[in-house]
Structure formats: structure tokens, C-alpha cells
Amino acid sequence: MKNIVASNLKMNLLSINEREAYLKRLGALLAGKKFTDTEIVLCAPFVHLEGFKKWKNKKVKRGAQNMFFEDKGSFTGEISPVMLKNFDCEYVILGHSERRKYIQESNQDVNLKVISALKNGIKPILCVGEDADQKRDGTDIVVEQLQDCLNGVSKGKIENVIICYEPVWAISSNNPDHLPTTNEVMSARLLIKKFLVAEYGAKITEKVKIIYGGSVAPDNAGTICVDSGMDGALVGKESLTPSSLVKIVEIIDGKPKT
Ligand code: 13P
């Protein structure tokens with residue numbers, strides 16, 4: 001199973017010029033490099049999807065940061081999964097904590113989107129994770145999020161979902177100095193695996209990628225993403241610096257094979 005390093009560019013790259021400079025630099029850094037065990041995915045703001053599609057870099061797959069659950073119609077301001085498909089998006093981030101916080105997205109909203117993405121052949125990167133208060137209180141939010149967001153996802157479809165454990169308290173914009181330990185990430189991974197095994201069985205669970213997100217950087221990708229046994233990373237801030245993103249990919253691609 002390949003690892004995945006997905007970049008969440010969030011609400012950045014504010015102009016076409018900025019986007020083009022970013023892609024030019026990233027393209028130059030990727031030239032001549034081969035990553036045999038890792039897929040790179042760039043999740044761009046919607047307005048850049050066309051530019052990313054035109055970029056045509058074969059080493060990088062495309063993704064979006066959200067979508068609506070209906071295919072078409074009177075849904076002002078929303079973006080259809082069919083549109084994403086037509087702009088070469090193979091992935092979509094769903095249930096990100098920033099959308100849960102600022103747009104009040106619920107697990108039920110996320111569930112509709114997960115089902116719709118899978119129906120349209122787009123792989124959801126489903127974000128789950130506790131915030132600082134839930135961590136302090138020991139609230140088991142991750143299992144509840146998985147249960148609700150994956151409701152109705154069949155045994156035949158679950159391997160197309162990437163689960164991202166993203167402790168909200170470790171996201172760089174929330175708490176720049178706070179990182180989980182390797183053991184904490186490993187425990188979250190086990191918890192997610194246990195849930196998947198109970199719902200889908202051990203054989204199918206082996207095919208589901210579980211990745212880590214939250215302040216991933218070149219100097220910590222080894223301990224929090226590799227040593228913890230994760231299948232990759234969702235990278236926010238550091239993915240805005242192409243050299244950091246490529247370094248993270250190199251670290252994850254070079255991880256010891258199990
Ligand atoms: P940072 O890598 O900036 O902490 O962001 C994590 C994140 O939200 C990725 O989706």
C-alpha cells in the first residue's frame with residue numbers, strides 16, 4: 001500500500017501569479033525525483049483547480065478542500081463532486097476541523113459528503129480528531145466521528161477513504177508549540193484500526209490508509225508520521241513552502257518498509 005502526503009493549501013495562494021510561482025518552484029524541485037512508495041496530492045482552493053489541472057505534473061495528484069453532497073442544481077455558492085471530477089480531482093478533504101469550527105459542519109453533513117464523494121469516484125480524506133478541551137477531559141470523540149461520518153460506507157468502498165487523525169490542538173495555527181508524541185499518534189492509529197476492524201474486518205482494514213495531520217514539518221515527520229506507523233501525512237502550513245513539502249515526502253517515502 002502506498003503512503004500519501006496530501007498538502008492542504010487552505011485559503012492561500014491569493015493570486016494567479018502566486019499560484020504560478022508556487023507550481024513553478026514545486027515542479028523544479030520534483031524534477032528528476034522518483035517516489036516509489038508515496039503519492040503526492042495537492043488540495044488547492046477551488047479557484048485554482050483549473051490552473052492545477054493545466055499544470056499537468058504527473059508526479060502530483062489533485063484534490064479539493066471541500067465539496068457539496070449534491071451533484072448539480074440550485075445550491076448557491078457550492079461546488080459539486082462532478083465539477084471536482086471534471087477538474088481532475090481524485091481526492092477531497094472532508095470534515096476538516098476548520099470547517100467544523102467556522103462553518104459548523106456536523107458529522108452528519110460530513111457523512112453526506114463522504115457518501116457522495118465515493119459515489120462520484122473521489123477519495124475522501126476524512127479528518128477526525130479531538131480538540132484541546134476534549135483531550136483534557138479524555139472525551140472519546142474520534143470513534144464517535146468515525147461512526148457518524150462513515151455511516152453507510154460499505155465494505156466495498158471503505159478502502160477508498162483515507163482517514164486522517166488530526167488532533168485539533170496540534171494544528172499549527174492553534175498551538176504552534178504543541179506536538180503529539182509518537183506514542184500518542186500510535187495510540188490514535190490503534191483506536192482507528194480497532195474501529196475499522198470491528199466494522200469492516202481485519203482484511204479490509206489493512207487496505208485503509210490512516211495518516212496524520214497537525215504541524216507536520218521536515219524536522220518532525222520522521223517521529224510523528226513514520227515512527228508512529230502512519231501511512232502518510234496531511235500537511236498544512238509547511239506545504240506552502242515547496243522545499244519543505246518535498247522534504248516531508250522524501251522522509252515518508254524513505255520510511256522502513258513493513
Ligand atoms: P498545519 O500543518 O498547518 O498544522 O495544518 C494541519 C492541517 O490542518 C492540515 O489539514
Side-chain angles (χ1 to χ4, degrees), residues 2 4-31 35 38-100 102-103 105 109-110 112-127 160-162 164 166 173 209 211 213 216 232-242 244-246 248-249:
K2 274 202 173 197
I4 176 168
V5 175
S7 84
N8 179 2
L9 293 163
K10 304 195 181 185
M11 199 173 70
N12 294 296
L13 305 181
L14 299 186
S15 65
I16 293 173
N17 281 348
E18 222 185 302
R19 174 190 81 210
E20 291 304 306
Y22 178 85
L23 292 179
K24 193 170 165 199
R25 177 84 184 116
L26 184 59
L29 288 166
L30 289 173
F35 302 111
T38 307
E39 216 165 62
I40 309 170
V41 181
L42 289 184
C43 297
F46 292 133
V47 292
H48 292 316
L49 290 181
E50 185 169 6
F52 275 51
K53 180 174 152 100
K54 285 189 182 142
W55 185 46
K56 285 195 170 78
N57 189 311
K58 289 205 170 65
K59 291 181 182 150
V60 174
K61 306 216 177 242
R62 280 87 175 135
Q65 299 170 21
N66 177 39
M67 52 166 257
F68 196 53
F69 56 85
E70 295 283 3
D71 289 355
K72 183 180 176 174
S74 302
F75 303 104
T76 303
E78 294 295 340
I79 298 288
S80 151
V82 182
M83 291 170 179
L84 298 188
K85 265 307 252 197
N86 288 335
F87 282 84
D88 283 358
C89 285
E90 292 181 42
Y91 292 87
V92 62
I93 299 171
L94 294 177
H96 193 280
S97 60
E98 284 151 15
R99 295 197 59 81
R100 293 177 190 266
Y102 297 113
I103 324 284
E105 265 191 14
D109 297 327
V110 177
L112 289 172
K113 295 180 182 196
V114 168
I115 299 283
S116 168
L118 290 169
K119 185 195 88 183
N120 282 288
I122 302 172
K123 295 179 180 166
I125 300 173
L126 170 63
C127 298
N160 292 322
V161 179
I162 291 95
C164 178
E166 193 170 52
S173 51
K209 290 184 179 73
I211 64 175
V216 177
L234 181 60
V235 189
K237 188 166 129 250
E238 291 291 322
S239 69
L240 289 168
T241 307
S244 295
L245 178 62
V246 172
I248 291 166
V249 176

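Remember, it's a predicted structure, so these values are computed and weren't measured experimentally.
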N12 side chain vs L9 backbone, donor-acceptor pair below 3.5 Å: yes
Worked verdict on E20 versus K24 for salt bridge (Lys or Arg N to Asp or Glu O under 4.0 Å): CA-CA 6 Å; E20 291 304 306; K24 193 170 165 199; over 6 Å; no
Verdict with reasoning, L13 to H48, per side chain to side chain contact (heavy atoms under 4.5 Å, CB included): CA-CA 9 Å; L13 305 181; H48 292 316; 3.7 Å; yes
NZ/K237: more than 12 non-hydrogen atoms of other groups inside 6.0 Å: no
Min side-chain heavy-atom separation E70-S80 under 4.5 Å: no
K61 (side chain) donor-acceptor with L42 (main chain) under 3.5 angstrom: no
Partner of N120 by side chain to side chain contact (heavy atoms under 4.5 Å, CB included), out of L84, V82, V92: V82
Evaluation steps, salt bridge (Lys or Arg N to Asp or Glu O under 4.0 Å), between D88 and R62: CA-CA 6 Å; D88 283 358; R62 280 87 175 135; 5.1 Å; no
Side chain to side chain contact (heavy atoms under 4.5 Å, CB included) assessment of L26 paired with W55: CA-CA 11 Å; L26 184 59; W55 185 46; 3.9 Å; yes
Close side-chain approach of C164 and L126, heavy atoms under 4.5 Å: no
Expected output: side-chain Q65 to main-chain C43 donor-acceptor under 3.5 Å: yes
Spacing of K2 atom NZ and F35 atom CZ [to the nearest 0.5 Å]: 11.0 Å
Nearest-0.5 Å distance, CD1 of residue I40 to CD1 of residue I4: 10.5 Å
N/O donor-acceptor pair under 3.5 Å between S239 side chain and V235 backbone: yes
Exam field: side chain K85 to backbone G121, donor-acceptor pair closer than 3.5 Å: yes
Closest approach of D71 to P81 (non-hydrogen atoms, all atoms of both residues): OD1-CG, 3.7 Å
Evaluation steps, salt bridge (Lys or Arg N to Asp or Glu O under 4.0 Å), between E90 and K123: CA-CA 6 Å; E90 292 181 42; K123 295 179 180 166; 5.4 Å; no
Nearest-0.5 Å distance that lies between atom CG in L118 and atom NZ in K113: 14.0 Å
Shortest non-hydrogen contact from M67 toward A117: CE-N, 3.6 Å
T241 (side chain) donor-acceptor with S244 (main chain) under 3.5 angstrom: no
Min side-chain heavy-atom separation I125-N8 under 4.5 Å: no
Residues, nucleotides or ligands: over 12 heavy atoms within 6.0 Å of I103 CD1: yes
Side-chain heavy-atom pair N66, I79 within 4.5 angstrom cut-off: no
Geometric class of the Y22/F52 ring pair [parallel <30°, tilted 30-60°, perpendicular >60°]: parallel
Value rounded to 0.5 Å, distance of SG in C127 from CG in L94: 8.0 Å
Non-hydrogen side-chain atoms of P124 and I162 separated by less than 4.5 Å: no
Side-chain heavy-atom pair L234, I93 within 4.5 angstrom cut-off: yes
E98 and S173: CA distance, side-chain angles, deciding distance, side chain to side chain contact (heavy atoms under 4.5 Å, CB included) verdict: CA-CA 10 Å; E98 284 151 15; S173 51; 4.0 Å; yes
Spacing of N86 atom CG and K53 atom NZ [to the nearest 0.5 Å]: 7.5 Å
side-chain hydrogen bond (donor to acceptor under 3.5 Å, both in side chains) partner of E105, chosen from R99, H96, R100: R99
